[in-house]
Amino acid sequence: MAIEQKIISNIIDAVGSLYSTKIEADKIVIQETRREFEGQITAVTFPFTKFSRKTPEQTGAEIGEYVKDHIDEVTDFNVIKGFLNFSIADAYWTDRLLNTIINSNYGQSEPSGKRIMVEYSSPNTNKPLHLGHVRNNLLGYSVAQILSANGYEVIKANLVNDRGIHICKSMLAWQQFGNKETPETSGLKGDHLVGKYYVVFDREYKKQIAELLASGATEEEAKKNAPVIKQAQEMLLKWEANDPEVKELWARMNGWVYEGFGETYKRLGVDFKKYYYESDTYLLGKDIIDEGLASGVFFRKEDGSVWIDLTADGLDQKLVLRADGTSVYITQDLGTAQLKYDDFKMDESIYVVGNEQDYHFKVLFLILDKLGKSWAKGLFHLSYGMVDLPSGKMKSREGTVVDADDLMDEMIQTAKDRTEELGKVEGFTEEEKARLYEMIGLGALKFFLLKVEPKKRLLFDPNESIDFQGHTGPFIQYTHARIRSVLSKALYQGRLTQDYPQKLTALEKELIVDLAKYPEVIAAAAKEYSPAQIANYVFELAKLFNKFYHEESILKADDAAVRNFRLDLASATASVISKSMGLLGILVPDRM
RNA sequence: GCGCCCAUAGCUCAGCUGGAUAGAGCAACGGUUUUCUAAACCGUAGGUCUUAGGUUCGAAUCCUAAUGGGCGUACCA
């Protein structure tokens, strides 16, 4: 904020001329003035008492006087203990609204020329998406939006985990117990159908283990020798050997899953520019192993396995290639990281992955750095906490998950019930109603998940429905709808006038101050990769507007200048609300 | 064992690089609708910021330790 910079440099001058001391700009703490005091901008003056050798009050008064004399926009100041509060001229704030906030591209940075990849979602194709994936998807999408608003060219990528033993499990179970069931014959969504057989497999596996235990096997033996697990392993070998029958089944079942995921993604409102498939990438990484061996970053043990020693960095020794020459997880990830960089040459790359993989990414990035990859510095693991149920962790295998599709259905249904209860859809067509319910239901869900800092774990109680009142998505959507309603009554077409009132009310000024923060909030959210900061900002903004709306009439303002000003102010607020929510992937309605 | 993360009101969460009497929402209680949408607004009540030390003019915030919870430490992904 320009005025803040002005104040800071004037305080430096003031301290220089009053106390003959040079201070650094970053030593000066500037903050918003608390609502209960007069003023908009506050400087903390405690640190200056060292140089002034006077009380905080005297020091503040002297500096305040100096700043007031040197900056036109500063109309007044007051000192409370070590806090120097400046009042900024109303004209400054109205100019601010008129010249920047009201512009349609407000908050959007110029292209920075930097390219960044955000990899998120990364599903397994053996089961439908659940609430944990929803958090991942919303986070990834929102972070991508935020980075884009900050001027980045963003590439959204999805690395699909489409092969491996877990995929074979559903395939095997379908083969043995599926009776050729298809999405068409069963009426099930493709991913749900495949997920059903993943559960069937687990049930059968457990049954066989129990049988083996009963006939005297140890638990370890039982787990290893149960017929279905051996068959699944055989199937994986056949897959790797390109067995046509297995591959055909694999392609077919994955096709069902992709169709199902496609629907879920569409409803969630997320998308991807680039898909990577593990079936294409799982053999990558061998070149990097050779590279590392040649440069001495890796070493080979007697059995032929390849390792890296990270003990000097406080980590462990890590296997990067098995003795039989096959890859492990990190081998693939090394290769995939290189592939992604070769494809896009991006400056930075974000991996949106749960915090149970913190160690893995620490190791991955460290290895790439040791291999001398210049781009390794730009890698970042956006680690987020798990979504837990009151009963504990969600487990797809055991069917104890909150399914993404079911949850969205429920949210939309609740939105419908709630809206009908309130009788708010007069004059809506059926299509408009459906769109509104979806907007509100998903708005509630998305806001619920995004308002919490990513790294915190989240508790979701299916028995307690997600709120539609208070600190929620619908609260903000409602605020937007009310503004649009007022604007449409006034036949508002865009900025009305430059003839703004000389004197602002306290709430008007507060609103502009809040709106003026928007670009800083976007920047901070990008820096921290934290949609929660946007969510909390837009909630505060909506709350403040509601207070204003309640206390000061817009359409029936005393004179035309005030009315026009308030219409512009309301319009700017609606626009910032809409943009902020857009950064969260949440749509806002004009009526609700 | 070792490592990483978390701990703020009954519940769910804010609290920026240390700064004013620690803030919201939900739940509870009370009030506001002849006036722009009451999914709103206003008020009451509710916190020794897990504990103990330390640094500082000043600590929820930084440091150390302890306690509680989560995760990791796989030739699984």
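Lettering follows sequence order; numbering is per chain, from 1.
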Choosing from [options], which nucleotide comes nearest the side chain of [X]?
X: A:D358; options: B:A24, B:C75, B:C4; answer: B:C4
X: A:R322; options: B:G19, B:A77, B:U21; answer: B:A77
X: A:Y359; options: B:C75, B:U73, B:A20; answer: B:U73
X: A:K362; options: B:G3, B:G25, B:A20; answer: B:G3

So does A:V160 get a backbone contact from the side chain of A:S122, meaning a donor-acceptor N/O pair under 3.5 Å?
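Not a single qualifying donor-acceptor pair exists.
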Can you confirm whether the side chains of [X] and [Y] place a donor and an acceptor under 3.5 Å from each other?
X: A:S52; Y: A:E62; answer: no
X: A:N355; Y: A:R457; answer: no
X: A:R418; Y: A:T414; answer: no
X: A:E540; Y: A:N536; answer: no
X: A:Q357; Y: A:Y351; answer: no
X: A:S170; Y: A:N126; answer: no
X: A:Y537; Y: A:D514; answer: no
X: A:D280; Y: A:Y275; answer: no

Atom pairs under 3.5 Å: protein N/O with N/O of nucleotides 11-17 of chain B:
{"residue": "B:A14", "atom": "OP1", "partner": "A:E453", "partner atom": "N", "Å": "2.8"}
{"residue": "B:A14", "atom": "OP2", "partner": "A:K456", "partner atom": "NZ", "Å": "3.1"}

Taking the same atom, [atom1], in [N] and in [M], what whole-Å distance lies between them?
N: B:A20; M: B:A60; atom1: C1'; answer: 15 Å
N: B:C62; M: B:U8; atom1: P; answer: 15 Å
N: B:A66; M: B:A28; atom1: C1'; answer: 37 Å
N: B:A9; M: B:A24; atom1: C1'; answer: 11 Å

Once you apply the 3.5 Å cut-off to both distances, tell me the Watson-Crick or G-U wobble partner of [N], or none.
N: B:C49; answer: none
N: B:G25; answer: B:C11
N: B:C41; answer: B:G31
N: B:U73; answer: B:G1
N: B:A60; answer: none

I need the [atom1]-[atom2] distance between [X] and [N], as an integer number of Å.
X: A:N355; N: B:U73; atom1: CG; atom2: C1'; value: 15 Å
X: A:Y537; N: B:G25; atom1: OH; atom2: C1'; value: 19 Å
X: A:R35; N: B:U21; atom1: CZ; atom2: C1'; value: 16 Å
X: A:K50; N: B:U56; atom1: NZ; atom2: P; value: 11 Å
X: A:Q317; N: B:C75; atom1: CD; atom2: P; value: 12 Å
X: A:N161; N: B:A77; atom1: CG; atom2: P; value: 9 Å
X: A:L310; N: B:C2; atom1: CG; atom2: C1'; value: 16 Å
X: A:Q357; N: B:U73; atom1: CD; atom2: C1'; value: 14 Å

Expected list for residues 433-446 of chain A: side-chain donor-acceptor pairs under 3.5 angstrom, two or more places apart:
{"residue": "A:K433", "atom": "NZ", "partner": "A:E430", "partner atom": "OE2", "Å": "3.3"}
{"residue": "A:K446", "atom": "NZ", "partner": "A:L268", "partner atom": "O", "Å": "2.8"}
{"residue": "A:K446", "atom": "NZ", "partner": "A:G585", "partner atom": "O", "Å": "2.6"}

Verify stack between A:F83 ring and B:A20 base, 5.5 Å, 30 degrees
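It does: the two rings, one from A:F83 and one from B:A20, meet the stacking criterion.
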Is A:R34 close enough to B:G19 that one of its side-chain N or O atoms is under 4.0 Å from OP1 or OP2 there?
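Result: no.
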Give a yes/no on whether any side-chain N or O of A:K81 is located under 4.0 angstrom from OP1 or OP2 of B:U21.
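Answer yes for this pair, as a side-chain N or O of A:K81 is under 4.0 Å from OP1 or OP2.
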Mind checking if [X] touches a base, just sugar-phosphate, or nothing, with heavy atoms under 4.0 Å?
X: A:N85; answer: base
X: A:D162; answer: nothing
X: A:P47; answer: base

Heavy-atom protein contacts under 4.0 Å, nucleotides 30-40 of chain B, coded B base, S sugar-phosphate only, - none
-----SBBSBS
Going through the checks in order, is the side-chain contact (heavy atoms from CB on, under 4.5 Å) test met by A:T125 and A:E278?
CA-CA 11 Å; A:T125 58; A:E278 207 194 290; over 6 Å; no
Nearest-nucleotide wise, let me know which of A:I80 and A:L315 is further upstream toward the 5' end of RNA chain B.
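It is A:L315, whose closest nucleotide lies nearer the 5' terminus.
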